[in-house]
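Throughout, protein chains are lettered first and strands after them, A, B, ... in sequence-line order, and every chain is numbered starting at 1.
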Amino acid sequence: MSKSKNSRLKLYNTYTRHKEDFVAITPNFVKLYTCGLTVYNYAHIGNLRTYIFEDVLKRVLLYNGYKVKHVMNITDVGHLTSDADEGEDKMVLEAKKEKKTVWEIAEYYTNAFENDLRKLNIIFPDFHVKATDHIQQMIDLIKRLEDKGFTYSRDGNVYFNISKFTDYGKLAKLDIDKLKAGARISIDESKKNPFDFVLWFTKSKFEDQEMKWDSPWGKGYPGWHVECSAISMYYLGEHFDIHCGGIDHISVHHTNEIAQSEAATGKKWVNYWLHGEFLIFRQEKMSKSRNEFLTLDVLNEKGYSPMMYRYFCLGAHYRQPLTFSYEALNTAKSTYNRLVNKVIEIKSNIEHSKQNIEFIKSVKIEFLSKINNDLNMPEALAVLWKTLRTDEIGNKEKYGLILEFDKVFGLDLDKVEKLYIEEAKQKVDVKLVERLVKERDEARNRKEWTKSDKIRMRLVEMGIEVRDSRKGTTWKIKS
RNA sequence: GGCGGCAUCGCCAAGUGGUAAGGCAGGGGUCUGCAAAAUCCUUAUCCCCGGUUCAAAUCCGGGUGCCGCCUCCA
């Protein structure tokens, strides 16, 4: 694919705070790491927004002809409610609540999360791996840091010493001297510097901490940040292309990941840092710790399918906060339904063809320039709508473009027809419906309007929408 | 206190120097026995004040309001 200047892929890099031309370390090959979920509860739709953004990124890379090796971790190690060894362990807490072991909790919510990814048509990572399966890699990394003098032990825990790492906080533009330590939490007295962080815990306040492993520093468990560094380097090498996560990870998690990774290897770790903005819920971010979060299943019960939610997310740029409301979600629902109707209609009349090489070429270039401009999905969707509406090309050509664009949108537009037929079979007695539709048609031909309207009423009650046209009557499940 | 973001039509939301994308909702028309669906047309000068410029929603300064991170969190 030859690319003009403005269709080259540009991504906003948090590290430099600029949109940059994307250049892969290895030509045509991208090594991508995305931070996964902490599996002590269901993913809420705010979490899922970020995974949709990352999926779009991956699809755009694939669309541009790159091969992508994608790794995502599963945080299944218990984590504290703070970086200090205080507060409660969320995995333990949830386990107690549900009267299960922490292992059972992790497995249950990992499955739930992976199901959500499938429902959202998110291309599965090549490696979706558990932190607890990589304890050895973490220990090895900590050892390297220890050998190089970046750590110290205090009161049973191994800490990373940020004062030994020159560029600490560069990603978040932190000014350590000006930061008010302990502004919101009490200072951990064991730390030399308030921003030092734990690499390995051997001392826990929790007697019932189930997850413990042997290590050179004693039996214990790893600090939170170390898993991402260890796992990403194990699968992708010590220098890779892109690392993603939510915007909340910039100042602590990713900052610490960079410190420990680059301290260990002595070289640049990640080239591009991409962060997804939050879903805003009633004026504030949706949060797991406040019990008001919505899941994909809850939305589904309320009549909003995962694809509708995906469309909803595509309507806003990933670096902008997106305001959630049912009014807005209804918009996405109507729009998605209309899109699906359009696609089915186009496909049902696919023999209609009108070639226009110039138009097809220009609309493809336009699409590419939108998605390559830091993944501008709202504008890419506008290109899709323009394509659906145009008279410049026929249905056959439109359908081809729809399928091509949907490689990036991931809205399942290629199987939408099949899905609708399956849905219909599940929900209604298809034979009965077709008999009634036929009866109604016959009545209409005899201009027996009372009878035909009566039959239509009955169909409506069954949840069937009847559509008359010159070509005859069709029907579909009301959405 | 530090860092970061946001304020664009009723709603969601693009656009970041050259005269306001798109979707939804609303209004009007076409089609239809009626309806639905479809389709066409239609709706904003961009929070306020000041500045730079031939030209600003877009840059600069000030103000107001809102939000996020700095604590596990996408």
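In this structure, the ring of A:Tyr42 has its center less than 6.0 angstrom from the ring center of A:Tyr109.
Within residues 312-322 of chain A, the residues having any heavy atom under 4.0 Å from RNA chain B are, by residue number, A:Gly315, A:Ala316, A:His317, A:Gln320, A:Pro321, A:Leu322.
In terms of phosphate contacts, A:Arg467 brings no side-chain nitrogen or oxygen within less than 4.0 Å of OP1 or OP2 of B:U32. Phosphate contact (OP1/OP2 of B:C70, side-chain N/O of A:Lys173, threshold under 4.0 Å): absent. Between A:Arg440 and B:G33 there is no side-chain N or O to OP1 or OP2 distance below 4.0 Å.
Side chain of A:Lys191 to main chain of A:Asp196: a donor-acceptor pair is present (N/O by atom type, distance under 3.5 Å, no hydrogens or angles). Judged by distance alone, with hydrogens and angles left aside, the side-chain atoms of A:Asp406 form a donor-acceptor pair with the main-chain N or O of A:Leu411 at under 3.5 Å.
Nucleotide B:A14 holds its P atom 12 Å from the CG atom of A:Asp374, rounded to whole Å. When rounded to the nearest whole Å, the span between CE of A:Met457 and C1' of B:C34 equals 13 Å.
Counting only residues at least two apart or in different chains, salt bridge (charged side-chain N to carboxylate O under 4.0 Å, His left out) contacts with residues 302-325 of chain A comprise A:Asp55-A:Arg310, A:Arg319-A:Asp374.
Sparse packing is recorded around NZ of A:Lys396, with 12 or fewer heavy atoms of other residues, nucleotides or ligands lying under 6.0 Å away.
With distances taken from any side-chain atom of A:Phe278 to the nucleotides B:G15, B:C24, B:G68, the minimum falls on B:G68. Considering only side-chain atoms of A:Pro378, the nucleotide from B:C67, B:G22, B:A14 that sits closest is B:A14. Of the candidates B:C70, B:C3, B:C24, B:C24 carries the atom nearest the A:Ser334 side chain, counting heavy atoms from C-beta on. Looking at the side chain of A:Asp468, the nearest of the listed nucleotides B:C12, B:G4, B:A35 is B:A35. Closest to the side chain of A:Thr331, out of B:C24, B:A35, B:A36, is B:C24. Residue A:Asp453 places its side chain closer to B:C34 than to any other of B:C34, B:A21, B:A37. Nearest to the side chain of A:Asp248, among B:C70, B:C69, B:G33, sits B:C69.
Of the N and O atoms on the side chains of A:Gln260 and A:His225, not one donor lies less than 3.5 Å from an acceptor on the other residue.
Judged by distance alone with a 3.5 Å cut-off, no donor-acceptor contact links the side chain of A:Asn330 to the base of B:A25.
Among the protein residues, A:Thr474 comes within range of no part of the nucleic acid, since none of its heavy atoms lies under 4.0 Å from any strand. Using a 4.0 Å heavy-atom distance criterion, A:Lys386 is classed as making no nucleic acid contact.
For the pair A:Glu434 and A:Lys438, the salt-bridge criterion is not met [side-chain N within less than 4.0 Å of a carboxylate O].
Across all non-hydrogen atoms, the minimal contact from A:Ile247 to A:His275 is CA-CB, 4.0 Å.
Both thresholds, 5.5 Å between centres and 30° between ring planes, are met by A:Trp449 relative to the base of B:G33, so the two rings are stacked.
Under the Watson-Crick and G-U wobble criteria, each requiring two contacts below 3.5 Å, nucleotide B:C6 is paired to B:G65. The pairing partner recorded for B:A37 is none, the criterion being a Watson-Crick or G-U wobble arrangement whose two distances lie under 3.5 angstrom.
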